[in-house]
Amino acid sequence: MEKLSTKGSRLVNRMRDVVFPPVCLFCKKAERDGACCCSRCLQSIHVYAHDCCLACGVELPESLAPGPCGHCLQHPPPQSQTHSLYQYNGPVRDAVLAWKLQGDDSAVRWLVQQAMPRLRESIDEHALLLPVPMPLSRMRKHGQHHAANMCRWLADDIGCAWDWRILRRIGEQPRQSALSGSARRKNLRKAFALAADYEQRCLDISPTPNAVWLVDDIVTTGSTLYFAAKTCLDLGITVKVLSLARTSYRG
């Protein structure tokens with residue numbers, strides 16, 4: 001009976017794949033071999049350069065990595081490390097837009113899962129993950145906090161602590177995408193603050209964290225993460241930065 005049951009389940013699975021063939025999470029085309037990402041999309045997904053400035057994450061020639069770069073030598077950022085997983089183009093860009101505009105996180109979750117071996121090397125169970133907060137109006141519009149979702153996925157897999165209420169967004173600022181580099185920095189100078197009860201919250205969820213990791217979905221100029229990280233220095237712990245993707249913005 002067990003053999004018949006196994007054969008029957010295999011037959012059902014084959015019929016299901018014929019009627020409802022698996023599709024690539026990125027291009028949504030049928031993928032007969034059951035892969036979540038087709039070969040064409042896989043070739044278009046680019047891991048962010050490993051040769052970069054460890055402090056700010058900007059790409060560097062191999063001979064100069066891990067930096068610091070010239071800018072960080074003159075103006076060291078508040079964070080000690082900046083890591084980005086993918087380049088923000090092609091299927092990665094499409095996945096992020098589907099996540100933000102349509103609420104479809106399936107492709108983004110797959111990207112995060114593929115990067116978990118690398119992430120486990122950098123983040124351990126004693127870390128504290130803090131999502132970069134977004135304005136309340138945007139949270140209400142989208143119905144979710146994207147960076148907080150990333151923190152939850154990472155924490156569930158790594159076993160570390162996370163909290164979305166320790167770092168707060170103050171006021172409503174214009175969207176960064178509509179501003180130049182200098183305007184982005186001015187826009188965010190007073191955009192972040194620690195919660196009034198941050199000390200107790202930290203004690204409750206992670207009494208002795210070895211590092212605070214600021215998590216965001218996309219890095220463009222780095223202005224948002226700079227001011228968020230600067231605020232987190234008041235926690236008295238080393239601050240590091242992680243983003244899902246980084247753009248090739250220059251300005």
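Values below: all heavy atoms of this structure, side chains included; hydrogens, waters and symmetry mates excluded.
Rounded to the nearest 0.5 angstrom, Asp234 CG and Phe192 CZ are separated by 14.0 Å.
In terms of hydrophobic clustering, with Ile, Leu, Val, Met, Phe, Trp and Tyr side chains grouped at heavy-atom distances under 4.5 Å, Leu85 and Leu54 are assigned to different clusters. A single hydrophobic cluster is not seen to contain both Val23 and Val108; linkage of ILVMFWY side chains at heavy-atom distances under 4.5 Å, directly or through other members, places them apart. No path of Ile, Leu, Val, Met, Phe, Trp and Tyr side chains, each step under 4.5 Å between heavy atoms, connects Leu203 with Ile166, placing them in separate hydrophobic clusters. In this structure, Leu73 is not a member of the same hydrophobic cluster as Val58, with clusters built from ILVMFWY side-chain heavy atoms closer than 4.5 Å.
Ring pair Trp213/His83 is tilted by interplanar angle, where 30° to 60° counts as tilted.
Residues passing the side chain to side chain donor-acceptor pair (under 3.5 Å) test with Gln200, sequence neighbours excluded: Asp204.
For Arg93, the CZ atom sits in a loose shell: 12 or fewer heavy atoms of surrounding residues, nucleotides or ligands are nearer than 6.0 Å. For Lys28, the NZ atom counts as densely surrounded, since its 6.0 Å shell holds more than 12 non-hydrogen atoms of other residues, nucleotides or ligands.
Side-chain atoms of Ser243 come within 3.5 Å of backbone N or O of Ala245 as a donor-acceptor pair. A distance-only check finds no donor-acceptor pair linking the side chain of Tyr88 to the backbone of Ile218 [under 3.5 Å].
Identified under the salt bridge (Lys or Arg N to Asp or Glu O under 4.0 Å) test for residues 107-125, with sequence neighbours left out: Arg120-Asp157.
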